Trainee: 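Here you go, one structure.
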Protein chains: 2
Amino acid sequence: MVSAADRAKNPTRTSVWLERGKPAGRARRSDQSAPSLDRDRIIAESVRLLDAEGPAKFSMRRLAGELGVTAMSLYWYVDTKDDLLELALDSVFGELRVPDVEGAGADADWRDQLRELAVSYRSVMVRHPWVSPLVGRYLNIGPNSMEFANAAQKILSRSGLPAHGVTGGLSAVFQFVYGFGTIEGHFVARCAEAGVTQDEYFAQAMGALRERPGFHEAMDLAEELMEARGGDTVEEMRERDFVFALEILIAGIEAKRGR
Amino acid sequence: MVSAADRAKNPTRTSVWLERGKPAGRARRSDQSAPSLDRDRIIAESVRLLDAEGPAKFSMRRLAGELGVTAMSLYWYVDTKDDLLELALDSVFGELRVPDVEGAGADADWRDQLRELAVSYRSVMVRHPWVSPLVGRYLNIGPNSMEFANAAQKILSRSGLPAHGVTGGLSAVFQFVYGFGTIEGHFVARCAEAGVTQDEYFAQAMGALRERPGFHEAMDLAEELMEARGGDTVEEMRERDFVFALEILIAGIEAKRGR
DNA sequence: ACCTGAACACCGTTCAAGT
DNA sequence: ACCTGAACACCGTTCAAGT
């Protein structure tokens, strides 16, 4: 933990994870009277609030209220709201089911492991729609993010892609999943806020669009394509798109093997 | 344009573009004295400010100040800040160079057109890093967004993908570009804010990471992969990743033709 | 070591009032 | 038709002070 004065000496610090000093908060006193707060409690409650009410309503004052404390108490444990968000971000990355890529897992089919990691990443983004803007905002170098990135690198390294293409392959797959999960997560959150099902929301938006003058032609093609894809619910349609897109990516990687 | 009272009658409105009444602002009076403001000026200045100072510093009060007017004047032209952002979003989508997919363009190679559209989308995201969170937030049904989506659909429809796979293919390509452009745009913006070049920022972050205990192994693989990819500057490295990733996607689509 | 109260410089938006 | 001033209910953060 770093005081405001220390921070002034390190003005280019770009991440909580690059703090000097104790990484997990200020030194705990050995004294018997336990403090009412700690970083982990603050982070856990932040995640809960962000999930429940969305990032727009998340404030230091609101969070403090939920913890039965004044807003200023929080500043004993984190330097800024930004740092807190970065901590919350890495904390939900802990939910990722990262396949075993070391011992026995190093012999598994890279395609299966890639699918597993992609599916898991997607579901984190959907469960926590506030995560995706933060992934863009921070460096993503917390321990859980790093474990994820490391596993992804190992999996793609075994795909047969030429060495010069592995980072590009990583981009292709995980930026896709990021984009997909972002849009999906926001859609789910919007429906929940509006108090309608995804199918209701979708039907309403499509209806409104069809009435727009000059958009008939565009909608015709869109509907034709949606028809061909099939799927009875919005969730099923999205699922088909995700699966097919992932298969395109895997097929593309296979096509680029050794070139 | 819709008054607060009208809006109350349409509580499920989910986009400025689904407003009832005049789509381009309130009716202009025929009177000779021109008003000092109009929607287009407000939108243009919003884009300028968002580019220059980022979304965190963008406020109705700040914007009004820049336009030489009080904050409340703006509410004559837009219902909420949210609506204004949605308008600004579609406005920068107007910068997209959408290939001709209708007449002669319908015979062009779909790969070339897909690359052109992807490159253009990426560069919009990088020039305007505030765009990417908004793409997640809104429905993206403004006229420029729709033209983009329509062109993308037409291009993918000619790729040889089976009809049921076209929407998945669209996801794969454009969610990838979205994710890539998001991360890239934020990185560029962060460097500008910190007043360092991308290469300096990158070197600093890598250096800090290498010093972290227990991250040696992960960094070794990452550096090996970056070595193999090559590229002397951060921009060049990113360029290689983007190009290769896009070729993976195209190869994947080709592999899925007719299946 | 840990927490608080008051204060500063901000927000988006409403509403009644001006011209 | 278009714009303003005052007001409401908020923000993140600092700082001096309490225990």
Side-chain angles (χ1 to χ4, degrees), chain A residues 1-8 16 21-22 24-42 46 49-50 53-88 137, chain B residues 1-8 16 21-22 24-42 46 49-50 53-88 137:
Chain A
M1 194 61 142
V2 142
S3 72
D6 289 340
R7 215 181 330 136
V16 226
K22 332 258 171 324
R26 298 179 197 250
R28 299 296 297 276
R29 58 180 180 186
S30 43
D31 195 301
Q32 70 279 19
S33 74
S36 71
L37 243 45
D38 60 68
R39 261 201 185 186
D40 288 343
R41 260 195 76 205
I42 292 173
S46 297
L49 266 179
L50 285 161
E53 306 182 352
K57 289 185 181 163
F58 179 75
S59 74
M60 297 300 269
R61 288 168 143 104
R62 178 92 181 74
L63 170 62
E66 216 66 22
L67 290 164
V69 103
T70 55
M72 306 78 207
S73 320
L74 301 172
Y75 288 93
W76 183 257
Y77 298 93
V78 293
D79 282 344
T80 63
K81 186 188 184 185
D82 238 51
D83 279 7
L84 176 52
L85 288 173
E86 202 181 353
L87 292 164
R137 180 136 65 241
Chain B
M1 194 58 139
V2 143
S3 72
D6 290 340
R7 214 182 330 135
V16 226
K22 330 263 172 320
R26 296 178 197 251
R28 299 296 296 275
R29 56 179 180 190
S30 43
D31 195 303
Q32 70 280 18
S33 75
S36 70
L37 243 45
D38 60 67
R39 260 200 185 187
D40 288 343
R41 260 195 76 205
I42 293 173
S46 298
L49 266 178
L50 285 160
E53 306 182 351
K57 288 186 181 162
F58 179 76
S59 74
M60 297 299 269
R61 289 167 142 105
R62 177 93 182 72
L63 170 62
E66 217 67 19
L67 290 163
V69 104
T70 55
M72 306 77 209
S73 321
L74 300 172
Y75 288 94
W76 182 256
Y77 297 93
V78 293
D79 282 344
T80 62
K81 185 188 184 186
D82 240 50
D83 279 6
L84 176 53
L85 289 172
E86 204 181 352
L87 292 165
R137 180 137 64 242

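For clarity, every value in this text was computed on a predicted model and none was experimentally measured. Letters A, B, ... mirror the listed sequences (proteins, then strands); counts begin at 1. Both backbone and side-chain heavy atoms feed into the values below; hydrogens, waters and symmetry mates do not.
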Trainee: Is the shortest heavy-atom distance from the side chain of A:Val78 to the side chain of A:Val16 under 4.5 Å?
Mentor: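 No, their side chains stay 4.5 Å or more apart.
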Trainee: Given A:Leu63 and A:Leu74, is the side-chain contact (heavy atoms from CB on, under 4.5 Å) satisfied, shown in steps?
Mentor: CA-CA 9 Å; A:Leu63 170 62; A:Leu74 301 172; 4.0 Å; yes
Trainee: The side chain of A:Thr70 is closest to which nucleotide in this list: C:dT4, D:dC3, D:dC11?
Mentor: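 Closest nucleotide to the A:Thr70 side chain: C:dT4.
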Trainee: What is the distance, rounded to the nearest whole Å, between atom CZ of B:Arg39 and atom P of D:dA1?
Mentor: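 Going from CZ in B:Arg39 over to P in D:dA1 covers 16 Å.
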Trainee: Quick one: pull up OG in A:Ser59 and CD in A:Glu53 and give me the separation to the nearest 0.5 Å.
Mentor: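 One finds 9.5 Å between OG of A:Ser59 and CD of A:Glu53.
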Trainee: Go through the steps to decide whether B:Trp76 and B:Val69 satisfy the test side-chain contact (heavy atoms from CB on, under 4.5 Å), and finish with yes or no.
Mentor: CA-CA 12 Å; B:Trp76 182 256; B:Val69 104; over 6 Å; no
Trainee: Specify the separation, in whole Å, of atom CH2 of B:Trp76 and atom P of C:dG12.
Mentor: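 Answer to the nearest Å: 21 Å.
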Trainee: Under 4.0 Å between any heavy atoms, over every strand shown, what does A:Ser73 touch: base, sugar-phosphate, or nothing? Just pick one.
Mentor: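 Base: the residue A:Ser73, judged by heavy atoms under 4.0 Å, touches a nucleobase.
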Trainee: Between D:dC3, C:dT4, D:dC11, spot the one nearest the side chain of A:Val69, thanks.
Mentor: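 Per side-chain heavy atoms of A:Val69, the pick is C:dT4.
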Trainee: Please state how far atom CG in A:Leu63 lies from atom C1' in D:dC10, giving the value in whole angstrom units.
Mentor: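 Taking CG of A:Leu63 and C1' of D:dC10, I get 16 Å after rounding.
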Trainee: Indicate yes or no: at least one non-hydrogen side-chain atom of B:Leu37 is less than 4.5 angstrom from one of B:Tyr77.
Mentor: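 Heavy-atom side-chain distance check passes, below 4.5 Å.
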Trainee: Of the listed nucleotides (C:dG12, D:dC2, C:dT4), which one gets closest to any side-chain atom of B:Tyr77?
Mentor: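 So the side chain of B:Tyr77 is nearest to D:dC2.
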Trainee: Given atom CG of A:Asp83 and atom P of D:dG12, what is their separation to the nearest angstrom?
Mentor: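 Distance check: A:Asp83 CG to D:dG12 P gives 14 Å.
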Trainee: If you check the B:Ser36 side chain, which of C:dC3, D:dC3, D:dT13 turns out closest?
Mentor: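 For the B:Ser36 side chain, the nearest candidate turns out to be D:dC3.
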Trainee: Starting at atom CD of A:Glu53, determine the distance to atom P of D:dC11, rounded to an integer number of angstrom.
Mentor: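 Value for this atom pair: 11 Å.
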Trainee: Which one, C:dG5, D:dT13, C:dC11, comes nearest to the side chain of B:Arg61?
Mentor: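 Of the candidates, C:dC11 comes closest.
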Trainee: If I take atom NZ in residue A:Lys81 and atom P in nucleotide D:dT14, what distance separates them, rounded to the nearest angstrom?
Mentor: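 That distance rounds to 14 Å.
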Trainee: Would you measure the distance from the C1' atom in D:dC3 across to the matching atom in C:dC15 and give it in whole Å?
Mentor: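 After rounding to an integer number of Å, I get 14 Å for this pair.
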Trainee: Give one of base, sugar-phosphate or nothing for A:Met60, where a contact means two heavy atoms less than 4.0 Å apart.
Mentor: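 Sugar-phosphate, no base atom in range.
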Trainee: Whole Å only: how far is the CG atom of B:Leu84 from the C1' atom of C:dT13?
Mentor: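 Distance, rounded to whole Å: 14 Å.
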Trainee: Taking C:dA1 as the reference, what is the distance to D:dA17 when you measure between their C1' atoms (whole Å, please)?
Mentor: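 About 15 Å, rounded to a whole number of Å.
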Trainee: Paired with C:dG12: which nucleotide, if any, by Watson-Crick or G-U wobble criteria at under 3.5 Å for both distances?
Mentor: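 With both distances under 3.5 Å, C:dG12 matches D:dC8.
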Trainee: Across all strands, who's sitting opposite D:dA1 as a Watson-Crick or G-U wobble pair, both distances under 3.5 Å?
Mentor: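 When the pairing criteria are applied, C:dT19 turns out to be the nucleotide that pairs with D:dA1.
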Trainee: Can you measure B:Met72 atom CE to D:dC2 atom P for me and round it to whole angstrom units?
Mentor: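 Distance, rounded to whole Å: 19 Å.
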